[in-house]
Amino acid sequence: MDLCCLPDNNLLFLKRKIFPRMKKEIRRSKVKELLNSEVTGKDVLVKGWVRTKRESRNVVFIALNDGSTINNIQIVAETSEFPENLLRDISTGGCIAVTGKLVESQGKGQKVEISASAIEIYGKSDPESYPLQKKGHSMEFLREIAHLRFRTNTFGAVFRIRHTLAYAIHKYFNDKGFYYLHTPIITGSDCEGAGEMFHVTTLDLKNIPLDEKGEVDFSNDFFGTETNLTVSGQLEGELGALALGEIYTFGPTFRAENSNTPRHLAEFWMIEPEMAFYDIKDNMDLAEDFVKYLIRYILENCSDDLAFLNSNIYKGLIDRLNFVLENEFRRITYTEAIEALLSAERKWEFPVEWGRDLQAEHERYLVEQYYKCPVIITDYPKEIKAFYMKQNDDGKTVKAMDVLFPGIGEIIGGSQREEDYEKLLARIRELKLPEKDLWWYLETRKFGTAPHSGFGLGFERLMLFITGMSNIRDVIPFPRTPKNAEF
RNA sequence: UCCUCAGUAGCUCAGCAGGUUAGAGCAUCUGACUGUUAAUCAGAGGGUCGCUGGUUCGAGUCCAGCCUGGGGAGCCA
């Protein structure tokens, strides 16, 4: 490579004195490690994106971020040491590599900084059209530029936390002896009952084959049968648990509901542990321990990002997280919940009556005003819950559990599963579910059935709670919602 | 899908009872000044007022439909 100064195109400028030796020897450092390292005066190399540039007569200050931390490192460049147009071409959003000495900062606001000796511009960023400013932007605007919003402090923090949370989930289960099971994303069963599904097909949509009855003929489709994107890995997860003992799934989940709320996505990630020999109480214990572990892990490993979110996004965030750690989840039955709601001195928009499902206003009241802490509600009427939940002896309720969080609502839904073949089959017939499509599910109850339990945790809902963000579209990189699949 | 609010400069918003050339702050550009920290000061450029149609001498402003976004509800995780 030509190593001379190239003032015209500004691709490269190296200070002659120090240049020949350094180029090969210096390993790139991440901003995070430099900010945490001792000041040695040694030469370092950093690469990253320019957040801001401030100019003085003799010196230019560049705040550089490489994504390794929310904090920027300050680059100090003496104006006289660099070609004028090189410094001019460095602007917010641009990408540069900087070689220089790591020194103690003369200014306030940072302990260390880099005194630059060479700067290479990887990519300029036209300041007239670069949409991110130094000042804050609305979440709505940033959502429209999802390809660039990673470069903001907020989304940098959110997605570093998202990664760490995903890692902690795997670590928690691995350490407990759970196996990560990959359940299918394309499924032929429509019996999970968790909502509208997206069709998966290779049929020509302009010329759909029909059979004699006028129904779509799927025999010529790719799988030879009707298929959809999964709405839950639970049924397959149970198959794994009834052999491997304890498994969990963690993958994308799809719901074709026309839901337009800050808590719903058409494509989201869900964690579904499924455990043999766990009863409903074991299930609740696991759910509580799991969530607390995850919160503790983020508090311990993402403190810089949390501190930023705490002061800029949701005041009181860290207190809220600590509160959850320090308090036991309140465990009540559905019947007790109804009694609490009936004795509440306030009017309900939706009636409170045993047998009716709890509405958002009811759940919010219980969690945010009555108990003022996370609540687990169990033993719901069987009519309002799924067919696979274990029936209680009272003949009216099932061993379901919903974990409700302040501000978020339902974050976990789970149950002990019905392991009795006859009872399960009866329920399937009662609800007129497609019995023949569930043959494999039923066989697990025929051959060595076992008591078992599991739950589903909405990954993005937990992200909402942990980051303090208020819209679920801002805790997933590329949200998929009705009328929106851009990026 | 229902209810509700909103859509004006790159961003965040103001715009009165329809009435001349549509405003502010920030951003950008130019200049000044400065080891700066969301730097400061001065100046400049920048608009199909979401779209379509209607009422009117005249519409950013009123009416209708549509599109997009926010909040609430339902569905759920």
Side-chain angles (χ1 to χ4, degrees), chain A residues 51-63 71-79 88 91-93 103-110 113 115 125-145 148 152-153 192-196 231-234 250 252-272 287 312 349-350 357-364 384-386 402-405 408-414 455-465 470-476 481-484 486:
Chain A
R51 285 297 174 79
T52 61
K53 182 176 76 167
R54 290 178 293 275
E55 288 177 88
S56 296
R57 170 173 291 173
N58 303 318
V59 75
V60 169
F61 300 94
I62 299 162
N71 299 306
N72 305 322
I73 195 156
Q74 175 157 285
I75 309 297
V76 185
E78 298 285 335
T79 317
R88 199 182 52 223
S91 62
T92 303
V103 296
E104 193 175 339
S105 179
Q106 294 173 36
K108 294 167 189 163
Q110 60 279 318
E113 63 189 23
S115 176
S125 175
D126 175 21
E128 295 269 11
S129 50
Y130 185 63
L132 292 171
Q133 306 168 178
K134 294 173 192 175
K135 225 176 169 180
H137 292 285
S138 69
M139 292 299 156
E140 293 78 22
F141 172 68
L142 292 171
R143 218 171 282 149
E144 292 169 7
I145 51 167
L148 295 174
T152 64
N153 286 331
E192 285 139 341
E196 290 297 310
V231 293
S232 165
Q234 180 200 317
F250 184 5
T253 309
F254 307 88
R255 305 273 166 93
E257 301 288 347
N258 191 10
S259 298
N260 294 287
T261 85
R263 296 178 305 283
H264 289 86
L265 291 165
E267 177 183 289
F268 63 100
W269 289 65
M270 187 155 64
I271 300 103
E272 296 180 286
N312 292 282
E349 195 186 330
F350 294 90
D357 207 352
L358 300 177
Q359 302 295 310
E361 58 167 344
H362 306 142
E363 295 183 346
R364 190 163 299 152
I384 59 173
K385 287 292 178 185
D402 283 1
V403 180
L404 308 179
F405 262 42
I408 317 289
E410 185 177 347
I411 200 164
I412 285 177
F455 60 81
L457 168 68
F459 185 58
E460 284 79 14
R461 294 221 176 141
L462 183 59
M463 277 292 294
L464 285 177
F465 187 76
S470 52
N471 192 310
I472 202 163
R473 297 160 197 206
D474 300 326
V475 295
I476 189 168
T481 52
K483 302 272 187 290
N484 182 15
E486 202 166 5

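Chain naming here is simple, since letters A, B, ... match the order of the sequence lines and numbering starts at 1 in each.
Among the atoms of the strands shown, only primed sugar atoms or phosphate atoms (P, OP1, OP2) are found under 4.0 Å from some heavy atom of A/Ala360. Counting any heavy atom pair closer than 4.0 Å across all strands shown, A/Ser105 reaches a base atom. Nucleic acid contact class of A/Asn471 (heavy atoms, under 4.0 Å, all strands): sugar-phosphate only.
When distances run from any side-chain atom of A/Lys483 to the nucleotides B/U68, B/C75, B/U37, the shortest one goes to B/U68. The side chain of A/Ser56 approaches B/U36 more closely than any other nucleotide in the set B/U28, B/U36, B/G74. Between B/A77, B/U36, B/G74, one nucleotide has an atom nearer to the side chain of A/Thr261 than all others, and that is B/G74. Among B/G70, B/A39, B/C76, the nucleotide with an atom closest to any side-chain atom of A/Thr52 is B/A39. Relative to the side chain of A/Phe350, the nucleotides B/G35, B/G72, B/G74 differ in distance, and B/G74 lies closest. Residue A/Leu265 has its side chain nearest to B/A77 when only B/G35, B/A73, B/A77 are considered.
Counting to the nearest Å, the P atom of B/A77 and the CD1 atom of A/Ile411 are 12 Å from each other. Separating the CG atom of A/Asn260 from the P atom of B/C3 is a distance of 13 Å, rounded to the nearest angstrom.
Ring pair A/Phe268/A/Phe254: centre-to-centre distance not below 6.0 Å.
Figure legend. B/G47 is base-paired to no nucleotide; pairs are counted as Watson-Crick or G-U wobble with both atom distances under 3.5 Å. The partner of B/U68 is B/A6, by the rule that a Watson-Crick or G-U pair needs both atom distances under 3.5 Å.
Rounded to whole Å, the separation between the P atoms of B/G19 and B/C62 comes to 11 Å. The gap from the C1' atom of B/A17 to that of B/G58 amounts to 15 Å, rounded to the nearest Å. Between B/A77 and B/G69, the two P atoms lie 25 Å apart (nearest whole Å). Comparing the same atom, C1', in B/G45 and in B/G7 gives a spacing of 25 Å after rounding to whole Å. The gap from the C1' atom of B/U12 to that of B/G53 amounts to 31 Å, rounded to the nearest Å. On the C1' atoms, B/A27 is 11 Å away from B/A38, given to the nearest whole Å. Taking atom C1' on both B/C63 and B/G47, the two are 25 Å apart, rounded to the nearest angstrom. Comparing B/G23 with B/G60, their P atoms are spaced 14 Å from each other, to the whole Å.
Residue A/Arg473 places at least one side-chain N or O under 4.0 Å from the OP1 or OP2 atom of B/G70. Within the 4.0 Å cut-off from OP1 or OP2 of B/A39, at least one side-chain nitrogen or oxygen of A/Arg54 is found. Between A/Arg88 and B/C29, a side-chain N or O to OP1/OP2 separation shorter than 4.0 Å is absent. Phosphate proximity of B/C76 to A/Arg255: absent, as no side-chain N or O sits under 4.0 Å from OP1 or OP2. In terms of phosphate contacts, A/Arg143 brings a side-chain nitrogen or oxygen within less than 4.0 Å of OP1 or OP2 of B/G70.
Side-chain N/O atoms of A/Glu55 and base N/O atoms of B/U36 include no donor-acceptor pair closer than 3.5 Å. In the interface, the side chain of A/Glu361 is not paired with the base of B/G72 through any donor and acceptor atom under 3.5 Å apart. Remark: the A/Ser259 side chain and the B/C75 base include a donor-acceptor N/O pair separated by less than 3.5 Å. Residue side chain A/Asn58 does not reach the base of B/U34 through any donor-acceptor N/O pair under 3.5 Å, judged by distance alone. Between the side chain of A/Arg263 and the base of B/C75, no donor-acceptor pair of N or O atoms lies under 3.5 Å.
For the side chain to side chain contact (heavy atoms under 4.5 Å, CB included) criterion with A/Ile472, the lone passing option out of A/Ile408, A/Leu265, A/Thr481 is A/Leu265.
Shortest non-hydrogen contact noted between A/Arg461 and A/His264 is NH2-NE2, 3.5 Å.
In terms of position on RNA chain B, the residue among A/Lys53 and A/Thr92 whose nearest nucleotide sits closer to the 5' end is A/Thr92.
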Could you run down the sub-3.5 Å N/O contacts of the protein with nucleotides 11-14 of chain B?
| residue | atom | partner | partner atom | Å |
| --- | --- | --- | --- | --- |
| B/U12 | OP1 | A/Ser138 | OG | 2.8 |

Would you list the protein and nucleotides 44-50 of chain B atom pairs, both N or O, that sit under 3.5 Å from each other?
none

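Under the stacking criterion of a centre-to-centre distance below 5.5 angstrom and an interplanar angle below 30°, A/Phe268 sits stacked against the six-membered ring of B/A77.
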